[in-house]
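Quick notes on the structure that follows.
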Amino acid sequence: MRRILVALGSVVIAGMLVVAGLAYHYTRPAYIEKRLTREFGGKYSVHVESAHSDPFRGTISATGVTIASDSLQGQASRAAPLRTRASFRLPMVVCRGVNFRALRHGSIDVDEIELDNPQAQMFLDRHIASRSRGPKRMPHEVLMASARPIRIGTLRVVNGDLQYAERSLTAERAGTFRFADMNATVSNITTVHGTGPEDCVIDVHTRLANSGVLNARFRYDLASKPLKMDYHATMGRMDVTSLNKLLINLKGIRVKEGTIDSLNADIAMRGDRATGTVRLPYHALKFEMLDQDSHTRDLSDKFTTFMLARKVHQSNPDDADDSVTVVTIDRPRLPEVSLIKFVWESVREGVLRSANLPEPPVQAASAAGSAHQ
C-alpha cells in the first residue's frame, strides 16, 4: 500500500508540475524544460517532445514528457546522491476545461487532467541516510498553506506501469516490485472550499506483482485541520511466491508456497490515530530464510527458518472449520511518520498479526490493537 501511494503521488505531482509549466510558458517545450529542471534543484532533468494549447477550447496537451534523476539516466550528478530516485515517462498529458486567465495569474484551475500510459521507476536506497528530519507535514497541510489557489476537478491515471526497487541496509542488491495495469482517479483537489464536495476521493485499481488485483478508495478531507481520512482496500486471490523478487533481496526470505485468498482493510484516520480492521485469509504458507546477496542458506538460516516456522501461522484460519481472525487496529502516528507511511503501517500491522509475526521495532511505544474471531 505504501509503495502504491508513493508511486501514484509522484506521478500526480509530476503531472501537475507539467501543467503549470505548460500554462506559464505558453507551451514552449524549451522554457518548460528549463523552468522545471530549475525547480527540481538540478536533481532531475525534464524533457518535453511537443506541447500545444488551445485557449478557445480550454485545452492543453503535451507528448513525450520525461522527468528523471540524473543517476537513473546514467549521468554524473553534481549534487549529493539521492536516497529516493525516480524516473517518469508521460507519453500523453491532456488537460481539459483549463481556465487560462486564472493560470496566468498564478492559479491552477482545471476541470480534468489525464495521464495516458504513464511509466514510473522508483528506487529507494537505504544505504543513503535520510535528510528529512523532524515532524512530517500532512499533504492537506502543505496544500492549504499554498499561496496559489488550486482547483483540479478530476485527475486520471490510465493504464500506468510502476516499477519499485528498494535496497536494504544489509544487502547489496535491491528487491523489486511491480504495479501493473494501474488506473486511478483523484477527484476534487482544491484549496477553495465551500463551493462543492469537501472530500478528495482517490480510487486506485492495480495488480500487485502481476498477481493480486487490488482496489482501494480513500476519502480525504483536505479542509480539516486535523487529519481526517478513511480508506477501504480489497484484494483478490494472490500467489505469495510472486513477492519473491522483493522479499529475497530486501528481507532474506524466500516464499516456497502460499496463497492469499483475499484482503479487506477498513481504516479511519482521525488526527494522529488510525482505527479499523484488517481481514487476511490465506493458506499453505511455507518459507525459508537465506542470505540476501548470495541467496544461499547456512546453518543459521536453517535454524532461523525452523524457529519461525513453529511460530508463524501457516493458514488463517488454522482449521477450515474455524472463522478467519480479524485484526483490530488502534495505532498512533509518531510525529516523524508521513501520511503514506502511516497508511502502510496500519495495514502492515494487520497483515503481520494475522500471521503471528512481530512488527519491526519503533522508537516510541504504540498502542496495541486486539484480535477477535
Side-chain angles (χ1 to χ4, degrees), residues 1-4 124 126 163-180 206-214 233-265 278-320 322-327 329 341 344-362 368-369 371 373:
M1 185 71 70
R2 178 186 178 187
R3 297 173 180 89
I4 291 177
L124 172 60
R126 297 194 181 275
Q163 304 276 351
Y164 178 87
E166 180 176 335
R167 183 169 69 151
S168 73
L169 282 169
T170 56
E172 290 301 320
R173 290 187 286 190
T176 61
F177 196 80
R178 182 186 180 195
F179 304 98
T206 188
R207 286 189 299 122
L208 303 185
N210 278 334
S211 182
V213 176
L214 176 74
T234 62
M235 187 180 72
R237 192 178 182 89
M238 180 177 182
D239 182 354
V240 188
T241 62
S242 62
L243 299 177
N244 279 335
K245 289 184 178 180
L246 178 72
L247 293 176
I248 290 175
N249 290 340
L250 190 62
K251 300 294 184 181
I253 300 172
R254 178 190 286 128
V255 178
K256 299 171 70 175
E257 63 177 280
T259 301
I260 294 175
D261 299 308
S262 64
L263 168 69
N264 192 301
V278 175
R279 184 180 187 274
L280 181 74
Y282 65 91
H283 64 272
L285 177 63
K286 293 183 180 180
F287 62 92
E288 61 185 11
M289 309 301 294
L290 73 166
D291 184 88
Q292 293 167 276
D293 294 319
S294 67
H295 298 175
T296 59
R297 305 181 67 225
D298 59 16
L299 186 60
S300 175
D301 295 318
K302 294 177 181 179
F303 179 74
T304 304
T305 301
F306 172 75
M307 296 302 295
L308 280 175
R310 297 181 60 186
K311 182 177 182 179
V312 174
H313 298 157
Q314 290 191 348
S315 300
N316 180 24
D318 290 324
D319 189 278
D322 295 336
S323 59
V324 175
T325 297
V326 178
V327 176
I329 305 299
K341 188 175 182 181
W344 161 239
E345 285 182 346
S346 61
V347 176
R348 181 186 66 186
E349 178 183 339
V351 170
L352 293 178
R353 288 173 53 207
S354 294
N356 198 35
L357 278 168
E359 279 203 83
V362 294
Q373 297 292 331

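Reckoned from all heavy atoms, side chains included, excluding hydrogens, waters and symmetry mates. The first residue in the sequence is number 1, and the count goes up from there.
For the side-chain contact (heavy atoms from CB on, under 4.5 Å) with Ile260, the lone residue among Arg237, Met238, His283 that qualifies is Met238.
With Thr241 contributing its side chain and Lys256 its backbone, the two residues share no donor-acceptor pair below 3.5 Å. Between the side chain of Gln314 and the backbone N or O of Lys286, no donor-acceptor pair lies under 3.5 Å. Here the side chain of Arg297 pairs a donor or acceptor atom with the backbone of Met289 at under 3.5 angstrom. Side-chain atoms of Thr325 do not come within 3.5 Å of backbone N or O of Ser354 as any donor-acceptor pair. A side-chain donor-acceptor contact under 3.5 Å links Asn244 to the backbone of Val255. For Asn316 (side chain) and Leu280 (main-chain N/O), a donor-acceptor pair under 3.5 Å exists by modelled atom type.
Inter-residue side-chain proximity for Arg254 and Thr305 is flagged as unmet; no heavy-atom pair is nearer than 4.5 Å.
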Intermediate values then yes/no, side-chain contact (heavy atoms from CB on, under 4.5 Å), Val278 and Glu349: CA-CA 9 Å; Val278 175; Glu349 178 183 339; over 6 Å; no
Any chance you could lay out the side-chain contact (heavy atoms from CB on, under 4.5 Å) test for Arg167 and Arg126, step after step, and finish with the verdict? CA-CA 6 Å; Arg167 183 169 69 151; Arg126 297 194 181 275; over 6 Å; no
Audit row: Thr234, Val213, side-chain contact (heavy atoms from CB on, under 4.5 Å) steps and yes/no: CA-CA 8 Å; Thr234 62; Val213 176; over 6 Å; no
Mind running side-chain contact (heavy atoms from CB on, under 4.5 Å) on Leu247 and Phe287 for me, showing each step along the way? CA-CA 11 Å; Leu247 293 176; Phe287 62 92; over 6 Å; no
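Here the shortest heavy-atom pairing between Ala165 and Thr176 reads CB-CG2, 4.1 Å. Across all non-hydrogen atoms, the minimal contact from Pro281 to Val324 is CB-CG2, 3.9 Å. Taking every heavy atom of both residues into account, Gln292 and Ser168 meet most closely at NE2-OG, 3.2 Å. Scanning all heavy atoms of the two residues, the minimum distance from Asp239 to Ser242 falls at O-OG, 2.6 Å. Closest approach of Pro317 to Asp322, counting heavy atoms only: CG-O, 3.4 Å.
The CG atom of Leu243 sits 11.0 Å away from atom CG of Leu250, with the distance rounded to the nearest 0.5 Å. In this structure, Ile248 CD1 and Ile253 CD1 are separated by 10.0 Å, a value rounded to the nearest 0.5 Å. Note: Arg348 CZ to Leu357 CG = 11.5 Å, rounded to the nearest 0.5 Å.
Scored by the side chain to side chain contact (heavy atoms under 4.5 Å, CB included) test, His313 finds Tyr282, Asp318, Asn356 as partners (sequence neighbours excluded). A search for side-chain hydrogen bond (donor to acceptor under 3.5 Å, both in side chains) contacts involving His295 returns Arg173, Asn249, not counting sequence neighbours.
Ring geometry, Phe179 versus Phe177: the interplanar angle exceeds 60°, so the pair is classed perpendicular (tilted spans 30 to 60°).
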